[in-house]
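Here is the structure we will look at, set down as structure tokens.
Basis for what follows: all heavy atoms, side chains included, without hydrogens, waters or symmetry-related copies.
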2 protein chains.
Amino acid sequence: MTATDAKLKKAERTRQRILDAALPLMLDGGYEKMTMRAIAKEAGLSPGAAYYYFETKEHIINAFYERTIIEHEQACRKILDEERNFAKRLRRCVTAQIEISRPYHEISADLFRVAADPNHPLSPFNEASRTVRERSMAIFAEIYRGSRSRVPKPLDAYLPGLLWLYHMGIVLFWVHDKTENQSKTDRFIERTVPLVINLIRLAKVPGFSRALKATLQLLDDFTWLKLATPKASTDKK
Amino acid sequence: MTATDAKLKKAERTRQRILDAALPLMLDGGYEKMTMRAIAKEAGLSPGAAYYYFETKEHIINAFYERTIIEHEQACRKILDEERNFAKRLRRCVTAQIEISRPYHEISADLFRVAADPNHPLSPFNEASRTVRERSMAIFAEIYRGSRSRVPKPLDAYLPGLLWLYHMGIVLFWVHDKTENQSKTDRFIERTVPLVINLIRLAKVPGFSRALKATLQLLDDFTWLKLATPKASTDKK
DNA sequence: GTCTATAATTCGATAGAC
DNA sequence: GTCTATCGAATTATAGAC
């Protein structure tokens, strides 16, 4: 291990320490209570040092978000390994995200606020966050590809993006869900998954192929909806 | 005119002066540059006094938003007076909102950010902003009611909310539209209005009535989507 | 060069005098 | 209603330690 490696390791540990210090503060009193001063104090360093690791307070929020993406990815890998039915894969993966996020529901509005600003470098619809977004979108591509279902050719290419969008809709609903333990969201998923399945079935009816193409054409305006075609595997594991 | 009235008038003038001072600052350098200090200086009063008129900086943003709602209302009144065709009414009213907002496109992200926080008192989906929201939603009720078109009974009650939601979708698209003069949004409207019309037609097909009802049932979870039934006219003009 | 701490700046918001 | 302090918190600048 080189000296640089050792330092990276230490830096990464410090980074995690900051995040670990920040989360309880956030859960306690929300975004306002989670001050950089308090975080730094809790993590045992100075505010200035904390800024060395996170450009702004919002970058800390973003790190929380990335953590849940990774957790979701792992949860989905398990699900997709043992389930082949498309509807069930979809329902369980969407539910998994909600389960993972449940402890953070109270603070989700703050996470969401950052996401909503289209000019914000940390917005999930932004070019800058492409990597994270595609990682999440890839899960939804896999939900379909690994299932037994097949959709008409023109829809095929758009499906991952559309499923991801559906998933974002669920999250949006969940963020707004003020019911005890967000029980409405669970019901919402139960009801909308069959709806999605039916819509896909509808796409197979030959009479709708014209309308389908017109609709899909609209989606071309959303660049962030397209999953970059995976290059030949030059990436390392 | 009583003394109180005179004071109200003066207070209102001061309020407007603050807003008029704030907007150029905002257009110039965005939300950050528009500091309460700068606004106050420009409007010729102290920061403390400015806070007398606007609880927070975000309340100033909200006032901008309300201004455009009122402008949109007036624009739509004209349109709805001279046009009876449903599709055209819809397209022109939706377009009107975009036209009115065009000068503010650069700062729209900041307006939107406030809207996105579900716990924020100023969010358009919040109970607190019901009045403003319903005012806007009432326009969409009128687009339908004053037209020659009629939809199946179950859909009828939900249509205003759904049209308003469609309108919010357009705005969302527009906020994200980085093209010159937001030309993509114009195209988006041209393409989606027929889509909406077709969806409504689809709702009339007897075979879909079951699916329609299941879909509409979902909407009951969105309390903000319902337009309060207008009370007997106790409100004054 | 890679971190960390301290000091200075800026800005939103508030308290209390007039 | 309006002003004059001030506070507290996010950043930023800078200088120094490893």
Side-chain angles (χ1 to χ4, degrees), chain A residues 1-19 21-22 25-26 28-64 107 110-111 113-114 117 120-122, chain B residues 2-26 28-64 107 110-111 113-114 117 120-122:
Chain A
M1 185 190 278
T2 70
T4 313
D5 276 347
K7 269 182 186 167
L8 276 176
K9 280 275 167 59
K10 187 187 168 220
E12 181 54 27
R13 271 205 310 278
T14 310
R15 226 185 104 92
Q16 292 303 327
R17 212 174 54 207
I18 291 172
L19 288 176
L25 285 167
M26 182 87 177
D28 206 36
Y31 188 71
E32 306 293 316
K33 180 82 167 293
M34 183 190 91
T35 68
M36 289 299 268
R37 283 168 163 78
I39 294 169
K41 194 178 202 175
E42 202 63 33
L45 32 69
S46 75
Y51 273 101
Y52 177 82
Y53 291 97
F54 293 95
E55 266 184 69
T56 72
K57 209 172 142 182
E58 283 175 347
H59 281 79
I60 293 183
I61 298 292
N62 192 243
F64 290 155
I107 63 169
D110 293 309
L111 298 174
R113 195 153 33 80
V114 173
D117 184 342
H120 200 290
L122 297 179
Chain B
T2 70
T4 313
D5 276 346
K7 270 183 186 167
L8 278 176
K9 282 272 166 63
K10 187 185 169 221
E12 182 54 29
R13 272 206 310 280
T14 310
R15 227 186 102 92
Q16 292 302 325
R17 209 164 35 140
I18 293 172
L19 288 177
D20 291 337
L23 189 53
L25 286 167
M26 182 87 177
D28 208 36
Y31 188 71
E32 305 294 315
K33 180 84 167 290
M34 183 190 90
T35 68
M36 289 301 270
R37 282 169 168 81
I39 294 169
K41 196 178 201 177
E42 202 63 33
L45 31 68
S46 75
Y51 273 101
Y52 176 81
Y53 290 97
F54 294 95
E55 266 184 70
T56 73
K57 207 173 145 182
E58 283 175 346
H59 281 79
I60 293 182
I61 298 292
N62 193 242
F64 291 155
I107 62 169
D110 293 309
L111 298 174
R113 195 152 33 78
V114 173
D117 183 341
H120 199 291
L122 297 179

> Looking at residues at least two apart in the chain, or sitting in another chain, which of them share a side chain to side chain contact (heavy atoms under 4.5 Å, CB included) with Y51(A)?
Replying inline: M36(A)

> Looking at residues at least two apart in the chain, or sitting in another chain, which of them share a salt bridge (Lys or Arg N to Asp or Glu O under 4.0 Å) with K33(A)?
Replying inline: D28(A)

>> By the salt bridge (Lys or Arg N to Asp or Glu O under 4.0 Å) test, which pairs, at least two apart or in different chains, include something from residues 34-44 of chain B?
In response: none

>> Under 4.0 Å from OP1 or OP2 of dT4(C): is there any side-chain N or O of Y52(A) that close?
In response: no

>> If the condition is side chain to side chain contact (heavy atoms under 4.5 Å, CB included), which residues does T56(A) pass it with, not counting sequence neighbours?
In response: E58(A), H59(A)

>> Once side chain to side chain contact (heavy atoms under 4.5 Å, CB included) is applied, do any residues pair with L19(A), and if so which ones, sequence neighbours excluded?
In response: Q16(A), F54(A), I60(A), A63(A), F64(A), R67(A)

> Using a cut-off of 4.0 Å on non-hydrogen atoms, how would the nucleic acid contact of F54(B) be classed: base, sugar-phosphate, or nothing?
Replying inline: nothing

> Within this structure, what is the CD1-to-P distance between I39(A) and dA9(D), rounded to whole angstrom?
Replying inline: 12 Å

> Is the closest side-chain heavy-atom distance between I107(A) and Y31(A) below 4.5 Å?
Replying inline: no

> Given atom CZ of R17(B) and atom C1' of dT2(D), what is their separation to the nearest angstrom?
Replying inline: 11 Å

> Quick one: K41(B) NZ to dT2(D) P, roughly how many Å, whole number?
Replying inline: 19 Å

>> Walk along nucleotides 7-18 of chain C from 5' to 3' and tag each nucleotide B, S or - by protein heavy-atom contact under 4.0 Å, base first, then sugar-phosphate.
In response: ----BBBB----

>> The side chain of A49(B) is closest to which nucleotide in this list: dG1(D), dT4(C), dT2(D)?
In response: dT2(D)

>> Could you tell me how far apart I60(A) (CD1) and dA9(D) (P) are, to the nearest whole angstrom?
In response: 15 Å

